[in-house]
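Just so you know, these numbers use all the heavy atoms, side chains as well, and skip hydrogens, waters and symmetry mates.
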Amino acid sequence: MCGIVGYIGPKKVVPLILEGLKRLEYRGYDSAGIAVVGADGKMHIRRASGKLHNLEEVVAKSPIEGIYGIGHTRWATHGRPTEENAHPHRDCTGNLVVVHNGIIENYLELKEKLQAEGHKFVTETDTEVVAHLVEKNMPAGVPLEEAVRRSLKELRGIYALVFLSAKDPLKIVAARMGPPSVVGLGKDECFVASDIPALLQHTREIFFLADGDIAVLTAKGVRVMDHDGNPVTRPTQHVAWDPILAEKGGYKHFMQKEIFEQPRAVRDTLLGRISQDTGKIFLDEMQITEKDFRAFQNVRIVACGTSWHSALAGKFMIERLARLPVEVDYGSEFRYRDPILDSRTLTVCISQSGETADTIAAQREAKQKGSPTLAICNVMGSMITREAAGSILTHAGPEIGVASTKAFTAQLTALLLLAIHLGELRGALSDASAKLLLQEFTRIPQKMELILQKDETGLYESLARLFFRHTDFLYLGRGIHYPIALEGALKLKEISYIHAEGYPAGEMKHGPNALIDENLPVVILATRDDSDPASVTLYEKSVSNMQEVKARDGKVIAIVTAGDKLARAAADHLIELPSAPELLVPLLEIIPLQLLAYHIAVRRGCDVDQPRNLAKSVTVE
């Protein structure tokens with residue numbers, strides 16, 4: 001997620017904004033920028049690609065001063081991470097700037113319309129269209145906030161937006177629809193940011209904007225309106241967190257916070273890597289050439305624990321989209337069986353920390369045998385990335401909870417990007433199919449948010465009350481859903497200490513049916529993609545498994561697609577998910593399983609963030 005900091009007040013603006021951006025560095029970024037309005041009434045902008053210190057160097061060489069301003073750290077969504085594409089973005093006059101966190105879904109049609117009206121675009125981003133749209137809606141005499149309000153009615157997508165205009169001075173305008181925006185209040189000063197840590201050195205009085213809010217910040221205070229211009233009031237809260245609690249963001253546990261950060265983690269892992277216009281994938285940090293990717297004859301994936309489950313899902317993705325055979329190995333077993341590898345095999349090593357000893361050992365074994373290695377990792381500069389010929393970084397941000405959640409969904413995201421990339425380069429995936437899949441991909445974070453909202457209804461707490469005393473669980477899935485069943489079972493056993501087993505649903509008749517009785521809860525993944533005949537077949541067979549369980553008095557918790565009727569009749573408890581393509585739905589399916597495990601563990605009084613006998617990063621074999 002991008003970092004945003006805005007300030008208006010008596011303090012020195014540039015140092016304050018840069019310091020605030022530093023406190024948001026954990027979010028990751030590929031470029032940064034700052035815009036201030038000076039005492040001369042003019043807009044001054046500095047931007048740089050790369051890390052924040054690059055922007056600091058630019059500002060040191062070419063100083064600016066202002067009486068109010070905004071800053072931004074960016075993960076690219078549209079357009080590569082260059083200085084030109086860095087925020088803030090300007091209108092045609094250069095008097096108006098905007099920073100943005102999110103995605104404008106209809107930017108192409110807006111851009112074409114504005115170009116036809118004479119607007120000149122200079123970047124590849126979706127954000128620039130917002131600046132030009134506000135410019136259009138801000139003829140002489142129209143306040144900035146009114147121009148913003150009119151413009152927002154034409155936007156589709158998600159956004160946290162912050163605006164400055166030299167034509168309407170001494171105010172900052174912020175708007176939210178999706179990504180968080182927090183406003184801070186001080187004595188004769190106001191702040192806006194994308195997260196609380198950016199503000200805590202300056203104020204403890206804050207409030208969050210709600211979806212649809214537009215805030216007008218001046219040195220004297222803040223007023224908030226809705227999309228129709230009606231005034232609204234948001235309650236101020238006093239933040240008394242210590243630094244660790246600030247990291248938790250008000251959640252009871254790090255794991256809970258990280259479950260809810262998954263939409264952001266998926267968005268950030270996608271950012272700058274996809275083109276919805278062409279269907280192409282852009283992978284940086286890659287010494288492996290396109291020619292190399294085309295020449296590979298098979299793929300080997302090595303990982304441990306949760307990462308192994310993502311690898312198993314990745315097998316289905318790569319084989320289906322790229323038509324390459326894939327084998328998945330445990331890192332702990334790989335080098336002890338003298339694997340058959342050569343230069344025609346791509347070895348993909350997955351590790352959240354990048355320091356997993358078993359996986360590093362497997363990586364070195366592969367390299368010794370001549371197989372190029374590609375790392376999927378959440379930590380740039382970690383051992384696994386340093387030793388790889390290429391890396392796909394998962395921009396999940398720091399994951400504190402020992403039981404991995406957002407790192408898993410970010411890994412699934414990276415694997416699907418790799419599968420699409422391989423499919424396109426090898427001619428197994430058409431441009432039209434890739435574009436359609438990527439369009440659906442960009443909708444996944446919003447669908448994840450819809451699933452997370454159900455937690456507020458008490459659904460998972462009520463299930464936890466029913467099942468927290470059970471000693472065994474069974475999780476079933478078919479096809480790509482089987483790895484998700486494995487991961488769901490792992491989450492439950494990790495944090496609640498309940499024995500749980502993931503199993504291929506098709507194997508039930510080959511032994512596990514003997515376990516089923518009235519004391520065994522069975523979680524069955526039975527989603528369906530009606531546009532995919534193979535998905536429908538797997539769904540129908542999974543419903544048959546439900547009926548088998550019910551015939552033996554088992555308790556069925558079914559994860560299904562919204563509107564499902566067939567599974568509803570066979571399940572005791574139903575959790576509905578938004579529809580999604582077969583290869584994308586695992587990103588949605590895992591969230592109810594994480595929430596179920598979390599609430600059961602809380603109900604049992606377990607240490608959710610630091611379960612017994614486990615460590616976050618396994619750095620010894």
Validation row: Ile559, Leu593 side chains within 4.5 angstrom (heavy atoms): yes
Distance under 6.0 Å and angle within 45° of ring axis: Arg604 vs Tyr497: no
4.5 Å side-chain heavy-atom contact, Thr561 and Val585: no
Exceeds 12 heavy-atom contacts within 6.0 angstrom, atom CZ of Arg443: yes
Ionic contact status for Arg337 with Glu333, cut-off 4.0 Å: no
Parallel, tilted or perpendicular: ring planes of His253 versus Tyr598, cut at 30 and 60 degrees: perpendicular
Thr405 side chain near Glu261 side chain, heavy-atom distance below 4.5 Å: no
Other residues, nucleotides, ligands: >12 heavy atoms within 6.0 Å of Glu319 CD: yes
Parallel, tilted or perpendicular, as decided by the 30° and 60° cut-offs, for the rings of His421 and Phe293: perpendicular
Cationic N near anionic O, under 4.0 Å, Asp609 to Lys252: no
N-O pairing of Glu365 and Arg300 below 4.0 Å: no
Verdict with supporting geometry, Arg335 and Asp329, salt bridge (Lys or Arg N to Asp or Glu O under 4.0 Å): CA-CA 10 Å; Arg335 68 188 179 118; Asp329 280 272; over 6 Å; no
Charged N-O contact under 4.0 Å between Arg267 and Glu449: yes
Side chains of Ile281 and Leu438 in contact at under 4.5 Å (non-hydrogen atoms): yes
